[in-house]
There are 2 protein chains.
Amino acid sequence: MPSSSRVRTAGRPTLEQVAAEAGVSRGTVSRVINGSLEVSESKLKAVQDAIRKLGYVPNQAARSLVTRRSDTVLFVVSESEERVFSEPFFASLVRGLSQELSSTPLQLNMMMASTARQHERVEQLVRNGHVDGVVLISLHGDDPLPRNLVAAGAPVALIGRPMSGMDGVPFVDADNLAGARAATEYLYQQGRRRFGTITGTQDMAAGIDRLMGYRSALKGRRGVTRLVAQGDFGKPSGERAMRELLEEDPEIDAVFAASDLMAAGALRVLRAEGRRVPDDVALIGFDNSDVARNTDPALTSVSQPVHEMGRELVRLLVTQIERPGQALAPVILPTELVRRESA
Amino acid sequence: MPSSSRVRTAGRPTLEQVAAEAGVSRGTVSRVINGSLEVSESKLKAVQDAIRKLGYVPNQAARSLVTRRSDTVLFVVSESEERVFSEPFFASLVRGLSQELSSTPLQLNMMMASTARQHERVEQLVRNGHVDGVVLISLHGDDPLPRNLVAAGAPVALIGRPMSGMDGVPFVDADNLAGARAATEYLYQQGRRRFGTITGTQDMAAGIDRLMGYRSALKGRRGVTRLVAQGDFGKPSGERAMRELLEEDPEIDAVFAASDLMAAGALRVLRAEGRRVPDDVALIGFDNSDVARNTDPALTSVSQPVHEMGRELVRLLVTQIERPGQALAPVILPTELVRRESA
DNA sequence: GTGAAAGCGCTAACAG
DNA sequence: CTGTTAGCGCTTTCAC
């Protein structure tokens, strides 16, 4: 008969109690918990039974204390990136991170970090081993945070291709160039010949790449006009840019916008100016966000596999945690053109 | 001259090293760190200097091990709530939580928990003290998770008024009733007399309360027609409901929808049916989400103070952590009617 | 006020 | 394969 386990405090069962219950040593229980194969069948079973019977769950704090790992991944959200890091993107990404994390022992910690003080706090967490890895949205080139984290020896994975100076830091990104190219080519194949694009900010890789994709799709085509208007990913900039485009070429019949928000702005201006979409002007956005679904006409848009990006970020981190120092290639995920009504 | 501290391992400075540096005992350093007032001025300063000099930061794991607190708050996201828990809501809420948390020693942990297995995992985390409190979106009445957590003795704070059986569990909600009433009254004051509402699901408090608000605004008014069509917060249901409304009363001139998504659907149907918004039909949504900003015309909508709701949730949790067992009143935050073009 | 000492629950050598 | 042992870094009595 198994003796009833002594309750040390009023608390949860400890490894020691499991050991007593199973009639083995603490070491053996620890081996079982940590999946060491060097345990005999019989003891293995005895321990597993005891664990089940007692409802034992390891104390993470005690484990961390000795392993010096935290089994925690930190997701840092830079509030200043709000505009680019649009909200649907945010939610899907978190889902992806969570899902992939759920098959590991890692927990997801989140932190908003807009101020310098908060950035410092992130560095501290890393330096003190409270965090095993960091997922970071790639900031503008001048932000020292990612570099500092890497310098502190933390596994880091970036969301979005960094602008510069992040050699060897792996990142996950959508194939912005191919996505923009596919959208533009699609417009061409619909018989459109008078093009315009509304760009994102040109100090971010996404903005640059999407413009390049547009250019590359039109390169070498004859009988095509190709306009470019600057935007900043936001809706008002889309309105502004669309007016410019219309002024430069009142006969324009195809517009590729580097974000859905800008496309929504453009749509509004087009309607105000009496253009029918898509009849007079075909319009494509980027991101395949909520906005795209809810304009009228609904926007055709380039979709990023955000959820999958979240999962890849975790994989990148886990690889680094398991094999520190290993060089990791960026992960570029394919985009997809989602056809709706605007083109 | 301060002696150079011995480096125990290659690791971070420990409390012991701080003590050596400051020429005091570990106990004293601990007292300083934890803000005990019973430390002399001189030693206080010595310890503070040593901490600064060494760049000491407490090891959270070691602390947790002895205090049996985790200094972690868990935010559980039930994926099944996706539709209601719309994405802008999600992002703002996280910001609110983060912001309020940043003035406490608490960290924010997130977990998606859709399956029963994952719910169990949440309970386990709580039971094993890995989490000091839980923020939960209030689920439909039949979900056992919140009750189980409360039974396990965990501080819990709910987002949204629960449907039933959650006595004593504090929650934060927007004043849905007042918001819906204000929107409807506004329509009345614009001279509208032929009303319709598109409801949310009636098994959630938000859906019920918004319908009640609509009714209460119109109660006792003479010369007013008041229609009700069922929706489920989603866009397609808004389209469907709007068609019903139009069929019942082709002269309808005012519609209050219990979500922006449904309002966007309604807008679309209205346009298809040749109604001008707001000239022929005034339309108001609820949530003040991205969608509201990006339809054409942009939606007038009832805004919830989501960010502030996040902050209140943390306050509720902190109060419970500090004073276990204390009865806490729900927090109902005011809404605001944001006027745009649709009404 | 302050130091000394006893663990918190666990992992990781190290013998056997 | 398994038991024993020595801490991980910190808080918290308990004496002084």
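Chain identifiers are assigned alphabetically (A, B, ...) following the order of the sequence lines, protein sequences preceding nucleic acid strands; residue numbering begins at 1 within each chain.
In this view, S25(B) and T28(B) satisfy the side-chain contact (heavy atoms from CB on, under 4.5 Å) rule, not counting sequence neighbours. Every residue was checked against the side-chain hydrogen bond (donor to acceptor under 3.5 Å, both in side chains) condition with S102(A), not counting sequence neighbours, and none meets it. Remark: A22(A) pairs with V24(A), A46(A), V47(A), A50(A) by the side-chain contact (heavy atoms from CB on, under 4.5 Å) rule, at least two apart or across chains. Taking the side-chain hydrogen bond (donor to acceptor under 3.5 Å, both in side chains) definition, one finds that R26(A) meets it with nothing, sequence neighbours left out. Residues meeting the side-chain hydrogen bond (donor to acceptor under 3.5 Å, both in side chains) test with E41(A), sequence neighbours left out: none. Shown here are the side-chain hydrogen bond (donor to acceptor under 3.5 Å, both in side chains) partners of S98(B), two or more places apart in sequence or in another chain: there are none.
In this structure, S64(B) does not reach the dC10(D) phosphate: none of its side-chain N or O atoms is under 4.0 Å from OP1 or OP2. Between T28(B) and dG3(C) there is a side-chain N or O to OP1 or OP2 distance below 4.0 Å. For the pair T14(A) and dG9(C), the criterion of a side-chain N or O lying under 4.0 Å from OP1 or OP2 is not met.
Spacing between atom CD of E16(A) and atom P of dG7(D) amounts to 18 Å, rounded to whole angstrom units.
Taking 4.0 Å as the cut-off between side-chain N and carboxylate O, R315(A) and E308(A) count as a salt-bridged pair.
Which of dG3(C), dC8(D), dC10(D) sits closest to the side chain of Y56(B) comes down to dC10(D). In this structure, the nucleotide among dG3(D), dC10(C), dC1(D) sitting nearest to the side chain of L15(A) is dC10(C). For N59(B), the listed nucleotide lying nearest its side chain is dG9(D); candidates were dG9(D), dC10(C), dT2(C).
A donor-acceptor pair shorter than 3.5 Å can be found between the side chains of Q99(B) and H307(B).
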Enumerate the protein-to-nucleotides 12-16 of chain C contacts in which both atoms are nitrogen or oxygen and the separation is below 3.5 Å.
unit_1, atom_1, unit_2, atom_2, d
dA13(C), N6, R31(A), NH2, 3.4

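Nearest-nucleotide mapping onto DNA chain D: of L65(B) and V24(A), the residue sitting toward the 5' end is V24(A). Place K43(B) and A62(B) on DNA chain C by their nearest nucleotides, and K43(B) ends up nearer the 5' end.
The list of salt bridge (Lys or Arg N to Asp or Glu O under 4.0 Å) pairs with a residue in residues 152-166 of chain A, not counting sequence neighbours, reads R161(A)-D209(A).
Direction change of the helix axis from one end of the helix from dG1(C)-dC16(D) to dG16(C)-dC1(D) to the other is 30°, with five pairs defining each end axis (rounded to 10°).
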